[in-house]
Chemist: 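Quick one: this structure, given as structure tokens, is what I'll be asking you about.
Letters A, B, ... mirror the listed sequences (proteins, then strands); counts begin at 1.
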Protein chains: 2
Amino acid sequence: MRDGGWSDQVNALGGFIRAQRQMAKLSLREMASMTRVSNAYLSQVERGLHQPSLKVLHSIADALHLNTEQLLQQAGWGGGAGAGAAAANGRAEAAADEAPAGPCSVEEAVRAESRLTEEQKTALLGVYRSFLES
Amino acid sequence: MRDGGWSDQVNALGGFIRAQRQMAKLSLREMASMTRVSNAYLSQVERGLHQPSLKVLHSIADALHLNTEQLLQQAGWGGGAGAGAAAANGRAEAAADEAPAGPCSVEEAVRAESRLTEEQKTALLGVYRSFLES
DNA sequence: CAGCTTTGATTGACATACTTAACGCCGCTG
DNA sequence: CAGCGGCGTTAAGTATGTCAATCAAAGCTG
């Protein structure tokens, strides 16, 4: 469907990045070497000719010491659908129940699974916890 | 190429999406029509064969009523700005390990978790098994 | 059993992200 | 002036995201 104001969003993002870069007194090439993204592509992104991927966006935010949320908001993540309960505080959820089945909780079992990488464990536990919050 | 854990990340993201989709009792095609992303591509994303773009991620989060932060975290945005050491997870990582085949397997632990519904258990184990197949 | 529908997966074509190698412009130093 | 070195931009190529069409397998209906 109509993507509507894509170019506007992208342009806003690009302008934002360019402003931040100039404010940090960095040249395109300098920033390119920091982000390991080609200067050419950075130039195009800044002028709204391309939509950068997550990797690139992350690198840019990193190099400019920007808050990731800021960048994502500029990239068009304002309009969530949602019913969004804020909820999301990363901090511990208060009233966690006790371990259900005695000696081995899911958390412990996952952590103990040596065939999983750390990332996989984190992902799995993320799914698990999200299930408990409902 | 130090991509190292990259495929893990993507896989984690895919597994997370698949779990959420199954929990919402959606088929690939249903979700495809909601997100206006082809079922084919969704299938590939869920199995970690491709890294979805911002647009697609946004659509997915939207269709599944997920908090954007959750998804982005799964997509590899845990780290945040450069200087900081990583690891912001709530729980400290215990030194536990070992005993994959012992009495305390992930499968058993999940099955014994009384706070999960049957569908949730199925979804969780689906993610888990998909991680083991590599 | 044949048929219909729905599921997830694959293939091939296309669009877009991204890279490398140029280009033209401006400020400098000799 | 020529020549260097930085700047942003452009051009052409490669890699990858994305789609439409199609597939085999599984569940129903008669």
Side-chain angles (χ1 to χ4, degrees), chain A residues 1-3 6-7 9-11 13-64 71-72 74-76, chain B residues 1-3 6-7 9-11 13-64 71-72 74-76 119 122-123 125-127 129-130 133-134:
Chain A
M1 245 181 144
R2 12 205 144 267
D3 290 344
W6 238 133
S7 45
Q9 290 286 5
V10 174
N11 230 349
L13 173 67
F16 180 74
I17 292 176
R18 171 155 294 194
Q20 292 293 329
R21 178 177 61 83
Q22 290 175 339
M23 210 175 299
K25 295 197 166 76
L26 290 172
S27 77
L28 277 177
R29 285 176 161 82
E30 287 174 310
M31 186 163 147
S33 76
M34 300 174 74
T35 58
R36 287 180 286 281
V37 175
S38 68
N39 52 6
Y41 188 55
L42 286 177
S43 170
Q44 299 179 95
V45 165
E46 286 187 351
R47 284 176 308 148
L49 302 182
H50 284 297
Q51 180 198 29
S53 71
L54 285 164
K55 276 189 297 197
V56 172
L57 222 45
H58 185 115
S59 300
I60 290 174
D62 215 20
L64 292 179
L71 253 193
L72 286 173
Q74 292 290 336
Chain B
M1 309 188 125
R2 281 224 144 49
D3 288 351
W6 178 226
S7 49
Q9 288 286 4
V10 174
N11 230 349
L13 173 67
F16 180 76
I17 292 175
R18 171 155 294 193
Q20 294 291 335
R21 178 177 62 83
Q22 290 176 338
M23 187 177 101
K25 294 198 169 84
L26 291 172
S27 75
L28 278 177
R29 280 170 221 279
E30 286 173 311
M31 185 163 148
S33 76
M34 299 173 73
T35 58
R36 288 181 284 283
V37 174
S38 71
N39 51 7
Y41 188 55
L42 285 178
S43 170
Q44 299 178 85
V45 165
E46 286 187 351
R47 283 174 308 147
L49 303 182
H50 283 298
Q51 180 197 32
S53 71
L54 284 165
K55 276 189 299 194
V56 172
L57 267 184
H58 186 111
S59 300
I60 290 174
D62 214 21
L64 294 178
L71 249 196
L72 288 172
Q74 294 291 334
E119 291 87 0
T122 302
L125 288 177
V127 179
R129 295 201 195 94
S130 79
E133 292 172 0
S134 50

Chemist: If you pin B/Ala40 and A/Ala40 to their nearest nucleotides in DNA chain C, which one's is more 5'?
Modeler: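 That would be B/Ala40.
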Chemist: Please collect all salt bridge (Lys or Arg N to Asp or Glu O under 4.0 Å) contacts where either partner lies in residues 18-29 of chain A, sequence neighbours excluded, each pair once.
Modeler: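 For residues 18-29 of chain A, and leaving out neighbouring residues, the salt bridge (Lys or Arg N to Asp or Glu O under 4.0 Å) pairs sorted by first residue read A/Arg18-A/Glu46, A/Arg21-A/Glu46.
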Chemist: Taking atom CG of B/Leu42 and atom CG of B/Leu26, what is their separation to the nearest 0.5 Å?
Modeler: 10.5 Å
Chemist: Classify B/Ser53 by what it touches in the nucleic acid, base, sugar-phosphate, or nothing, heavy-atom distance under 4.0 Å.
Modeler: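 Sugar-phosphate, backbone atoms only, no base.
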Chemist: If I take atom CD in residue B/Gln44 and atom C1' in nucleotide D/dT16, what distance separates them, rounded to the nearest angstrom?
Modeler: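 These atoms are roughly 11 Å apart.
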Chemist: Within the structure provided, determine whether A/Met31 and A/Val37 are in side-chain contact (heavy-atom separation under 4.5 Å).
Modeler: no
Chemist: For B/Ser38 and B/Ala32, which heavy atoms make the closest approach, and how far apart are they?
Modeler: C-CB, 3.9 Å
Chemist: Quick check on contacts: within residues 27-37 of chain A, what sits under 4.0 Å from DNA chain C by heavy-atom distance?
Modeler: A/Arg29, A/Arg36, A/Val37
Chemist: Which residues satisfy the side chain to side chain contact (heavy atoms under 4.5 Å, CB included) test with A/Gln20, sequence neighbours excluded?
Modeler: A/Phe16, A/Leu64, A/Leu66
Chemist: Using atom CG of B/Leu42 as one end and atom P of D/dC19 as the other, report the distance to the nearest whole Å.
Modeler: 8 Å
Chemist: I'd like the 5' and 3' limits of the part of DNA chain C contacted by chain B, with heavy-atom contacts below 4.0 Å.
Modeler: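 Under 4.0 Å from chain B, the extent on DNA chain C is C/dT7 to C/dT10.
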Chemist: With a 4.0 Å limit, can you tell me whether B/His50 has a side-chain N or O closer than that to the phosphate oxygens OP1/OP2 of D/dG17?
Modeler: yes
Chemist: Separation of A/Arg47 atom CZ from D/dA11 atom P, in whole Å?
Modeler: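 Rounded to the whole Å, the gap is 10 Å.
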Chemist: Tell me the ring-ring contact (aromatic ring centres under 6.0 Å, His included) pairs involving residues 22-46 of chain B, sequence neighbours left out?
Modeler: B/Tyr41-B/His50
Chemist: Applying side chain to side chain contact (heavy atoms under 4.5 Å, CB included), name anything that partners A/Ser59, two or more places apart in sequence or on another chain.
Modeler: A/Thr35
Chemist: Starting at atom CG of A/Asn39, determine the distance to atom C1' of D/dA11, rounded to an integer number of angstrom.
Modeler: 14 Å
Chemist: How far apart are the closest heavy atoms of A/Glu30 and A/Ser33, and which atoms are they?
Modeler: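 Looking at all heavy atoms of both residues, the closest pair is O-OG, 2.8 Å.
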Chemist: Search all heavy atoms of B/Pro52 against all heavy atoms of A/Leu54 and return the closest pair with its distance.
Modeler: O-CD1, 3.9 Å
Chemist: Mind calculating the distance between CG (B/Leu49) and C1' (D/dT16) to the nearest angstrom?
Modeler: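 Whole-Å distance recorded here is 12 Å.
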Chemist: Please report the distance, rounded to the nearest Å, between CD in A/Glu46 and P in D/dT10.
Modeler: 13 Å
Chemist: OH of A/Tyr41 versus P of D/dT16: gap in Å, rounded?
Modeler: 14 Å
